[in-house]
Amino acid sequence: MAQKDRAAFKQLYSATSAKLYATVLRILQQRSWSEDVVQEAYVTIWLKAEQFDPQGASPITWMATIARHGAIDELRRQPRSPREPEEALAQTISSDPTSQERLQGGQEAQRLQRCLEELEKGRQDMVRLAYLDGWSRADLATHFDQPVNTVKTWLHRALKQLKGCLA
């Protein structure tokens, strides 16, 4: 590699690319972004091969360090990862629900409404205020004249009952 032997580079790439890719993917958690960073890492490895010191580390450790630093540098440059092409396309097409999604959502809402009606009246109101109107537990405790821990327990039990009904 230090002598810029392309065959040696090809062999090195075949033997190490999976490990370097896994290292970078673990950091970036996005395939296309990771592939770009690994490619840049191999360019750096090619350019700096003569600087490798076998006394300092094993070749794979040296290479993984280059790839890891490349991934971390990329995160620093772009703290928000770029969107995957499929995600960008999906958002470009339409964010409106399809007819089937609206129908299914309506059916799920009806099921949830039926299950809510199975709760006792005070718990129905509490669940609606907490999860539909965004009331805090402290607000609920004041409104229902109960300690906060009691409200937490009632909400927990109500949600458990709803989950059982919806299952």
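Each residue takes its place number in the sequence, starting with 1.
- Considering CH2 of Trp62 and NZ of Lys48, their distance stands at 8.0 Å, rounded to 0.5 Å.
- In this structure, CG in Leu155 is found 11.0 Å from OG1 in Thr150, a value given to the nearest 0.5 Å.
- Counting heavy atoms from C-beta outward, Trp33 and Leu75 have side chains that approach closer than 4.5 Å.
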| field | Residue pair Glu74, Asp36: steps toward the side chain to side chain contact (heavy atoms under 4.5 Å, CB included) verdict | value | CA-CA 10 Å; Glu74 190 65 22; Asp36 292 343; over 6 Å; no
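- Distance CG/Leu159 to CG/Leu166: 10.5 Å, rounded to 0.5 Å.
- Within 6.0 Å of CD in Glu50 there are more than 12 heavy atoms belonging to other residues, nucleotides or ligands.
- Side-chain atoms of Gln124 come within 3.5 Å of backbone N or O of Leu119 as a donor-acceptor pair.
- By the criterion of side-chain heavy atoms lying less than 4.5 angstrom apart, applied directly or through intervening Ile, Leu, Val, Met, Phe, Trp or Tyr residues, Val148 is not grouped with Val151; the two fall into different hydrophobic clusters.
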| query | Does the pair Ile45 and Phe52 meet the rule for a side chain to side chain contact (heavy atoms under 4.5 Å, CB included), with working shown? | reply | CA-CA 9 Å; Ile45 291 164; Phe52 171 70; over 6 Å; no
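- Side-chain contact between Phe9 and Lys4 is absent, with no heavy atoms from C-beta onward closer than 4.5 Å.
- Residues Leu129 and Phe144 have side chains in contact (heavy-atom distance under 4.5 Å, counting atoms from C-beta outward).
- Shown here for Thr23 and Ala64, the closest heavy-atom pair between the two residues is CG2-O, 4.4 Å.
- The shortest non-hydrogen separation linking Ala158 to Arg123 is CB-CB, 4.5 Å.
- In this structure, NE2 in His69 is found 8.0 Å from CG in Asp73, a value given to the nearest 0.5 Å.
- Using modelled atom types, no side-chain atom of Lys10 and backbone atom of Asp5 make a donor-acceptor pair closer than 3.5 Å.
- Of all heavy-atom pairs between Ala141 and Pro147, the closest is CB-C, 4.1 Å.
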Tell me which donor-acceptor pairs under 3.5 Å the side chains of residues 53-60 have, and how far apart each pair is, sequence neighbours excluded?
unit_1	atom_1	unit_2	atom_2	d
Asp53	OD1	Gln55	N	3.0
Ser58	OG	Thr61	N	3.3
Ser58	OG	Thr61	OG1	2.8

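- Here the straight-line distance linking atom CD1 of Ile66 with atom CE of Met63 works out to 7.5 Å at 0.5 Å rounding.
- Among residue pairs with one or both ends in residues 152-164, none qualify as side chain to side chain donor-acceptor pair (under 3.5 Å); sequence neighbours excluded.
- Distance CG/Leu25 to CD/Glu35: 9.0 Å, rounded to 0.5 Å.
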| request: Could you check Val37 against Ile27 for side chain to side chain contact (heavy atoms under 4.5 Å, CB included), going step by step and ending with a plain yes or no? | output: CA-CA 11 Å; Val37 170; Ile27 296 167; over 6 Å; no
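- Across all non-hydrogen atoms, the minimal contact from Ala67 to Leu20 is CB-CD2, 4.2 Å.
- Between the side chains of Tyr42 and Thr16, at least one donor N or O lies within less than 3.5 Å of an accepting N or O.
- Between the side chains of Gln113 and Glu117, at least one donor-acceptor pair of N or O atoms lies under 3.5 Å.
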